[in-house]
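Quick caveat, the model's predicted, so the values are computed rather than measured.
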Amino acid sequence: AQVALLDRNSEAGQESKAALDEQFEAQRTVFIQCDVTDQEQLKGAFKKVIEHFGRLDIVVNNAGVNNEKDWESTIQINLTSVIRGTYLGLEYMRKGNGGDGGVIINISSLAGLMPAAFQPVYCATKHGVIGFTRSIAVTANMENYGVRLNTICPGFVNTPILQSIDKEENMGQYYSYKDEIKNMMQFYGVMDPSIIAEGLITIIEDDTLNGEVMKITASQGIHFQQYSQTPFTSSKR
């Protein structure tokens, strides 16, 4: 495996690469500083990955923030960049365009499947990720892209985003509800990122999965959201 890491935070990105370099050969990873909300930076990052490794097989759109005060930025990072990253991935990977196929995994949240009273914009973006990914997965199947697209919806995970609920500059008018959110975290449990990685590997390795929504919770582990079948079957014109 060869891995490209993209992050706006250069220090965090370099630390991640250094940690991987201790276990694997340094040339097997590359870090590219990139603000996913900058269209040209994101395009350039994809181009650099292709130039460095010669191909692209897996894309994980994982950038996300919780900021109800600057909600426009939340939409740009959580939803718009996921859509753009998906389209860029398809441009390089789909078989009709010279690619070899592959898999795209977009990270949503359990907040994409239920209301989140104190994070309405975050909730909206995560619902959007699910709707977009499920829809484009049908398109990819109809058009024989050779690319599978799936979504992962974790519950609370021990990552820096959890710290945002303690900051008024993130929560805005919902800052006074921070204790209620902490109570929810305690009730539902906080998971280690390794279980999310386990789910990710499952999606990468199981080539039958397309358009699926994987839920990962502390109480139930890895499982899938069940949807009723649509009343019609689309066909390519």
Side-chain angles (χ1 to χ4, degrees), residues 5-20 31 33-37 60-82 85 105-130 133 150-203 213-225:
L5 309 167
L6 276 62
D7 201 307
R8 182 171 60 184
N9 186 328
S10 179
E11 183 178 351
Q14 295 291 357
E15 287 178 0
S16 295
K17 174 169 168 47
L20 289 169
F31 168 67
Q33 186 175 16
C34 175
D35 180 348
V36 295
T37 66
V60 181
N61 288 303
N62 184 51
V65 297
N66 169 49
N67 195 322
E68 294 296 321
K69 193 169 187 177
D70 184 6
W71 56 266
E72 294 95 336
S73 176
T74 296
I75 294 171
Q76 287 292 319
I77 295 170
N78 290 11
L79 182 57
T80 304
S81 72
V82 169
I105 303 168
N106 293 331
I107 307 302
S108 180
S109 165
L110 285 186
L113 293 166
M114 61 185 69
F118 315 126
Q119 298 169 289
V121 175
Y122 178 86
C123 183
T125 61
K126 295 304 185 178
H127 273 73
V129 169
I130 293 173
T133 308
N150 295 280
T151 310
I152 295 179
C153 294
F156 293 107
V157 184
N158 187 20
T159 64
I161 198 171
L162 292 186
Q163 300 167 12
S164 64
I165 65 171
D166 277 324
K167 299 177 181 178
E168 189 278 334
E169 62 265 32
N170 288 89
M171 297 305 297
Q173 62 182 311
Y174 304 103
Y175 177 67
S176 61
Y177 296 103
K178 64 182 186 299
D179 289 337
E180 280 86 343
I181 301 175
K182 289 180 181 179
N183 290 337
M184 289 173 60
M185 290 167 55
Q186 186 173 3
F187 178 81
Y188 287 110
V190 178
M191 297 177 290
D192 187 85
S194 61
I195 190 174
I196 315 304
E198 184 181 336
L200 189 81
I201 296 299
T202 297
I203 290 176
V213 176
M214 174 184 282
K215 298 190 290 185
I216 306 178
T217 62
S219 60
Q220 293 182 274
I222 297 171
H223 55 297
F224 289 90
Q225 175 76 355

Asker: Quick one: pull up CE in M214 and CD in E198 and give me the separation to the nearest 0.5 Å.
Answerer: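 Here the interatomic distance stands at 9.0 Å.
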
Asker: Has N158 got a side-chain atom pairing as donor or acceptor with P193's backbone, closer than 3.5 angstrom?
Answerer: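 Not at all, since once roles are kept as given, no pair shorter than 3.5 Å links the two residues.
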
Asker: So, for M171 and I165, which heavy atoms are closest and what is the spacing to 0.1 Å?
Answerer: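 Heavy atoms of M171 and I165 come nearest at CG-O, 3.6 Å.
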
Asker: Under the side chain to side chain contact (heavy atoms under 4.5 Å, CB included) criterion, do I75 and T80 qualify, and how do the steps go?
Answerer: CA-CA 6 Å; I75 294 171; T80 304; 4.1 Å; yes

Asker: Would you give the length of the straight line joining atom NZ of K215 to atom OG of S109, rounded to the nearest 0.5 angstrom?
Answerer: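 So the gap between those two atoms works out to 12.0 Å.
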
Asker: Do side-chain atoms of E68 reach the backbone of Y122 as a donor and acceptor pair under 3.5 angstrom?
Answerer: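 Present.
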
Asker: Roughly how far apart are N67 CG and Q119 CD, rounded to 0.5 Å?
Answerer: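 Between atom CG of N67 and atom CD of Q119 there are 11.0 Å.
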
Asker: Identify the heavy atoms of L5 and G13 that sit nearest to each other, and give their distance.
Answerer: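 Answer, listing the atom of L5 first, then G13: CD1-O, 4.3 Å.
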
Asker: Which heavy atom in K126 sits nearest to a heavy atom in I107, and how many Å separate them?
Answerer: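 Taking K126 first and I107 second, the nearest heavy atoms are NZ-O, 3.3 Å.
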
Asker: Could you give the distance from CG (N62) to OG (S108), rounded to the nearest 0.5 Å?
Answerer: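 One finds 11.5 Å between CG of N62 and OG of S108.
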
Asker: Taking the side chain as every heavy atom from C-beta outward, state whether K69 and Y175 have any pair of such atoms under 4.5 Å apart.
Answerer: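 A side-chain contact is absent here, since even the closest heavy-atom pair is not under 4.5 Å.
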
Asker: Classify the side-chain pair N66/S164 by whether it contains a donor and acceptor separated by less than 3.5 Å.
Answerer: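 Yes, S164 and N66 have a side-chain donor paired with an acceptor closer than 3.5 Å.
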
Asker: With a 4.5 Å limit on heavy-atom distance, are the side chains of W71 and P120 in contact?
Answerer: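 No, too far: nothing below the 4.5 Å cut-off.
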
Asker: Of all heavy-atom pairs between L79 and V129, which one has the smallest distance, and what is that distance?
Answerer: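 Of all heavy-atom pairs spanning L79 and V129, the closest is CD1-N, 3.7 Å.
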
Asker: Given 3.5 Å as the limit, does a donor-acceptor pair link the side chain of H127 with the main chain of A111, or not?
Answerer: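 Yes; judged by distance alone, with no hydrogens or angles, the pair exists.
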
Asker: Step through the shown structure and confirm whether more than 12 heavy atoms of other residues, nucleotides or ligands are within 6.0 Å of CD on E72.
Answerer: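 More than 12 within 6.0 Å, yes.
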
Asker: Does any part of the side chain of D166, heavy atoms only, come nearer than 4.5 Å to the side chain of K178, both counted from C-beta?
Answerer: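 K178 vs D166: side chains touch.
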
Asker: CD of Q76 to CG of D70: how many Å apart, nearest 0.5 Å?
Answerer: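 Nearest 0.5 Å value for the CD-CG distance: 10.0 Å.
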
Asker: Determine whether L200 and I203 satisfy the following criterion, side chain to side chain contact (heavy atoms under 4.5 Å, CB included), listing intermediate values before the conclusion.
Answerer: CA-CA 5 Å; L200 189 81; I203 290 176; over 6 Å; no

Asker: Can you confirm whether Y188 is buried at OH, in the sense that more than 12 heavy atoms of other residues, nucleotides or ligands lie under 6.0 Å from that atom?
Answerer: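 At most 12 heavy atoms, drawn from other residues, nucleotides or ligands, come within 6.0 Å of this atom.
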
Asker: Can you establish whether the number of heavy atoms outside E169 located under 6.0 Å from its atom CD is more than 12?
Answerer: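 Check passes, neighbour count above 12.
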
Asker: Say you draw a straight line from CD1 of I130 to OG1 of T151; how long is it, rounded to the nearest 0.5 Å?
Answerer: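 If I round to the nearest 0.5 Å, the distance is 6.0 Å.
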
Asker: Which heavy atom of I216 sits nearest a heavy atom of M191, and at what distance?
Answerer: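 I216 and M191 have their closest heavy atoms at O-CE, 3.2 Å.
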
Asker: Any idea how Y177 and F118 line up, ring-wise: parallel (<30°), tilted (30 to 60°), or perpendicular (>60°)?
Answerer: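 Answer is parallel, since the angle falls under 30°.
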
Asker: Under a 3.5 Å cutoff, is there a donor and acceptor pairing between the side chains of N106 and N61?
Answerer: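 Distance-only check passes for N106 and N61.
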
Asker: If you take all heavy atoms of L162 and V157, which pair is closest and at what distance?
Answerer: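 Taking L162 first and V157 second, the nearest heavy atoms are CD1-O, 3.1 Å.
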
